[in-house]
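Report on the structure given below.
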Amino acid sequence: MKIENQITSKIAEAVSILFNITVSPAQAAVQKTKSEFVGDFTLVVFPFVKASKLSPENTAQKIGEWLQKEMKEITSFNVVKGFLNLELSNEYWWEFFTSNYKNSSFGYTPINESSKIQMVEYCGPNTNKPLHLGHVRNCLLGYSVCEILKANGNKVIKVNIVNDRGIHICKSMLAWKKYGAGETPESSGMKGDHLVGKYYVEFDKHYKKQVNDSMAQGLTKEEAEKNAPLMLEVKQMLRDWEDGDEATLALWNKMNGWVYDGFDITYAKLGVDFDKIYYESQTYLYGKEIVLNGLQREIMQQRADGSIYIDLSKDGLDEKTLLRSDGTSVYITQDIGTAVLRANDYHFSNLAYVVANEQDYHFKVLFLILQKLGYTWANGLYHLSYGMVELPEGKMKSREGTVVDADDLMEQMILTADKTTRELGKIDDFDSVEANDLFRTIGMGALKYFMLKVDPKKKMLFNPAESIDFNGHTGPFIQYTYARINSLLKKAAASAIEPLKMPMEIQNKERELVKMVYDFPSVINQAAETYSPALVANYVYELVKNYNSFYHDFPILKEEDSTTRIFRINLSLFCAQVIKNSMKLLGIEVPERM
RNA sequence: GGCUCCGUAGUUCAAUUGGAUAGAAUGACAGGUUUCGGCCCUGUUGGUUGGGGGUUCGAAUCCCUCCGGGGUCACCA
């Protein structure tokens with residue numbers, strides 16, 4: 001049992017005996033003492049002053065005295081206004097330190113048979129264009145959340161949903177057929193997803209020209225758009241696809257194949273992966289029977305024209321159409337089908353969708369419908385609604401060409417890491433494989449940290465110039481600290497064998513570090529509960545800053561007192577381990593040297 | 001317009017979920033045994049938490065209102 005919880009239950013006991021009141025665990029809970037004050041844990045006593053009929057100071061004083069008598073771990077306390085600061089014994093912290101400092105999986109909860117199954121959907125690409133900056137945030141978040149959930153003791157299943165059908169992919173196909181002259185990834189040397197994306201743009205170009213020409217001849221914009229030959233052709237192509245026309249399907253398969261080869265490269269570079277990929281072309285028909293079944297059970301209604309909808313007005317939402325009058329599915333119907341399919345495939349207890357907050361309304365409706373259909377697992381659905389990525393000049397607009405491409409972005413980061421690292425000249429003895437691996441580690445570390453340090457729920461500004469910065473609150477800063485500790489530990493290898501004993505004197509900064517690594521498991525827990533990698537990112541940064549300050553102020557290998565020296569070496573070891581484990585949760589590697 | 005999310009140093013982000021004097025980074029300026037790896041460390045500077053009201057021992061956080069911004073309101077996805 002964690003010491004905070006022990007203290008909390010003792011506090012409940014204390015106020016019951018002293019003031020004759022019963023309090024909730026929340027009221028008796030302690031929090032970490034702020035660093036400006038002396039102490040380890042703090043109780044806020046204001047909620048008890050009415051019952052104690054004493055001043056806040058005296059209330060705190062009484063509780064403090066009682067706790068000090070009852071708990072051997074509490075050696076002293078002080079009172080500032082209504083705040084009771086408790087200080088734990090060095091022996092307590094020492095006991096914690098010695099029993100965990102060598103544990104390479106410190107903070108991680110093991111997974112066993114009774115672990116919950118947690119599914120996470122992320123990425124969600126379309127097959128008509130390459131991944132962009134928005135997908136990057138999505139993928140990094142999704143992957144990191146999965147790592148955190150695993151570390152918190154869940155069985156995690158990572159799934160992707162690929163939007164591989166519909167008018168958008170037909171546009172690329174048609175343009176390729178008309179203007180492509182048989183171009184392939186091999187013949188052009190282009191990555192498959194980029195090649196297909198090129199023809200999507202190509203379609204738009206020709207289409208716009210047709211529209212403009214018609215408008216010049218006096219048609220309204222609407223008429224021109226609707227009747228442009230290209231638009232009519234592409235709609236016919238979609239019908240052909242739905243009818244199973246062989247030539248159309250063959251072209252579709254070929255071009256999607258190119259795209260998937262391209263995506264695989266991008267996923268690998270990003271360091272993300274999936275246990276199962278769902279394709280909309282395979283699931284889009286599945287929701288229909290569920291809706292029809294819902295109609296029979298009168299959960300849904302039918303209009304005179306045959307379309308089927310659900311009335312959510314009693315829940316503060318609107319009517320939502322689920323099947324068109326011609327009987328075909330709409331987007332949300334596919335999502336209903338896919339969700340049921342997944343529940344049958346994996347029997348998850350939770351399913352989190354990593355999708356941008358522009359779809360908040362969609363998921364509200366989706367979850368509500370699934371609940372109304374009576375699926376028990378529907379209560380375990382969660383929309384991890386993250387904020388959109390914006391650029392200094394505003395939103396990304398594909399029409400204005402301001403989209404930041406994922407592959408280009410990663411390449412830029414790695415090139416910058418290359419340049420910066422070579423300038424420092426510390427890795428002159430690396431061969432080219434080692435060096436390239438390092439540049440990738442640093443460049444991707446910078447990018448990942450930059451995107452994960454901000455609260456997922458908030459929109460974020462992506463400033464290319466700042467993201468590439470390696471100083472301050474950045475990934476490379478953390479990686480550097482790790483590499484430096486690693487170098488220290490290598491040199492210390494011999495002396496570290498001596499037995500670890502508690503030093504006579506423990507410095508404040510050492511004590512702070514011990515307390516910080518002690519927090520790691522609860523940081524993981526909180527990050528898992530709130531689906532927030534940002535908590536881990538900010539925690540590890542704080543730890544690194546504290547370590548650097550300690551490193552600056554105190555000798556480690558050069559410390560003359562051997563007991564203190566051994567302690568400091570092992571404290572460094574413990575910190576390095578927690579840094580590494582934290583970064584792993586963010587999907588970021590740490591280099592042994594840099 | 002309805003619904004919804006957001007607004008914190010010049011800028012980018014924090015703030016233990018209602019707790020102490022709102023903290024970091026960056027920028028600017030000033031400093032520090034580059035020999036345990038200086039991609040480091042220490043200062044100074046910078047705030048009416050968008051404005052106003054309310055709730056209470058206590059509000060950046062909860063409620064109301066106004067101002068400003070985003071998203072969303074399809075038989076599109």
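Proteins get letters first, then strands, A, B, ... in listed order; numbering begins at 1 in each.
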State whether [X] places a side-chain N or O below 4.0 Å from either non-bridging phosphate oxygen (OP1 or OP2) of [N].
X: A/Lys34; N: B/A15; answer: no
X: A/Arg484; N: B/G38; answer: yes
X: A/Tyr480; N: B/C39; answer: yes
X: A/Asn471; N: B/A25; answer: no
X: A/Lys426; N: B/G38; answer: no
X: A/Ser549; N: B/U42; answer: yes
X: A/Asn548; N: B/C41; answer: yes

Using the six-membered base ring of [N], report whether [X] stacks on it, requiring centroids under 5.5 Å and planes under 30° apart.
X: A/Phe46; N: B/G19; answer: yes
X: A/Phe37; N: B/A20; answer: yes
X: A/Phe83; N: B/A20; answer: yes

To the nearest Å, give me how far apart [atom1] ([X]) and [atom2] ([N]) are.
X: A/Asp360; N: B/C3; atom1: CG; atom2: C1'; answer: 11 Å
X: A/Ile478; N: B/A25; atom1: CD1; atom2: P; answer: 13 Å
X: A/Phe554; N: B/G32; atom1: CZ; atom2: P; answer: 21 Å
X: A/Asn538; N: B/A24; atom1: CG; atom2: P; answer: 13 Å
X: A/Glu57; N: B/C57; atom1: CD; atom2: C1'; answer: 12 Å
X: A/Tyr361; N: B/U4; atom1: OH; atom2: P; answer: 12 Å
X: A/Asn486; N: B/G37; atom1: CG; atom2: P; answer: 11 Å
X: A/Arg593; N: B/C39; atom1: CZ; atom2: C1'; answer: 15 Å

Ignoring the backbone of [X], work out which of [options] is nearest its side chain.
X: A/His362; options: B/C39, B/U12, B/A77; answer: B/A77
X: A/Met460; options: B/C13, B/A77, B/U4; answer: B/C13
X: A/Val44; options: B/G19, B/U72, B/A15; answer: B/G19
X: A/Thr530; options: B/U17, B/U11, B/A25; answer: B/U17
X: A/Lys395; options: B/G70, B/U12, B/G37; answer: B/G70
X: A/Lys32; options: B/C13, B/U72, B/U16; answer: B/U16
X: A/Gln359; options: B/C39, B/C13, B/A77; answer: B/A77

Worksheet item: Considering residues, nucleotides and ligands other than A/Lys515, do more than 12 of their heavy atoms fall under 6.0 Å from its NZ?
Response: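 Yes.
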
Is [Y] close to [X] at the side-chain level, that is, under 4.5 Å between some pair of heavy atoms?
X: A/Ile468; Y: A/Met413; value: yes
X: A/Tyr284; Y: A/Thr333; value: no
X: A/Ile524; Y: A/Leu585; value: yes
X: A/Met460; Y: A/Phe450; value: yes
X: A/Leu322; Y: A/Leu295; value: no

Over all strands shown, is [X] touching base, sugar-phosphate only, or nothing at heavy-atom distances under 4.0 angstrom?
X: A/Leu461; result: sugar-phosphate
X: A/Asp455; result: sugar-phosphate
X: A/Asp335; result: nothing
X: A/Asp318; result: sugar-phosphate
X: A/Lys81; result: sugar-phosphate
X: A/Lys457; result: nothing
X: A/Val454; result: sugar-phosphate
X: A/Ala483; result: base
X: A/Met594; result: base
X: A/His552; result: base
X: A/Thr328; result: nothing

Fill in: Bracket string, RNA chain B, 5' to 3' - pairs by Watson-Crick or G-U geometry under 3.5 Å, | interstrand
(((((((..((((.....[...))))((((((.......))))))....(((((..]....))))))))))))....

Worksheet item: Hey, would you say the A/Tyr382 and A/Tyr353 ring centroids sit under 6.0 Å apart?
Response: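 So the answer is no for these two rings.
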
Worksheet item: Can the ring centres of A/Phe520 and A/Tyr539 be said to be less than 6.0 Å apart?
Response: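 When the ring centroids of A/Phe520 and A/Tyr539 are compared, they turn out to be within the sub-6.0 Å range.
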
Could you give the distance separating [M] and [N] at their [atom1] atoms, to the nearest angstrom?
N: B/G10; M: B/G47; atom1: C1'; answer: 12 Å
N: B/G7; M: B/C13; atom1: C1'; answer: 14 Å
N: B/U17; M: B/U48; atom1: P; answer: 27 Å
N: B/U49; M: B/C67; atom1: C1'; answer: 16 Å
N: B/A9; M: B/C66; atom1: P; answer: 24 Å
N: B/A30; M: B/G71; atom1: P; answer: 44 Å
N: B/G58; M: B/U65; atom1: C1'; answer: 23 Å
N: B/G23; M: B/C39; atom1: P; answer: 30 Å

Worksheet item: So is A/Arg137 actually on top of A/Tyr386's ring, under 6.0 Å and inside 45° of the axis?
Response: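 Cation-pi check for A/Arg137 and A/Tyr386: fails.
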
Worksheet item: Syn or anti: how is B/U35 classified when any glycosidic angle within 90° of 0 counts as syn?
Response: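 You should classify B/U35 as anti.
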
Fill in: Ion pair check, A/Arg565 and A/Glu560, cut-off under 4.0 Å
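Not counted as a salt bridge, because no side-chain N and carboxylate O are separated by less than 4.0 Å.
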
Worksheet item: Are A/Lys580 and A/Glu589 ion-paired here, with the side-chain N under 4.0 Å from a carboxylate O?
Response: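 Answer for the salt bridge query: no.
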
Practice prompt. Kindly indicate whether the side chain of A/Thr474 and the base of B/A25 share any N or O donor-acceptor pair separated by less than 3.5 Å?
Written response: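 Counting by modelled atom types and ignoring angles, no donor-acceptor contact under 3.5 Å is found here.
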
Worksheet entry | Residue met sooner reading RNA chain B from 5', once A/Glu390 and A/Ile167 are mapped to nucleotides |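 Result: A/Glu390.
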
Worksheet item: Taking for each residue the nucleotide of RNA chain B with the nearest heavy atom, is it A/Pro555 or A/Asp326 whose nucleotide lies nearer the 5' end?
Response: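 Its nearest nucleotide lies further toward 5', so the answer is A/Pro555.
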
Worksheet entry | A/Lys545 NZ to A/Thr481 OG1 distance, which is reported to the nearest 0.5 Å |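 Those atoms lie 11.5 Å apart.
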
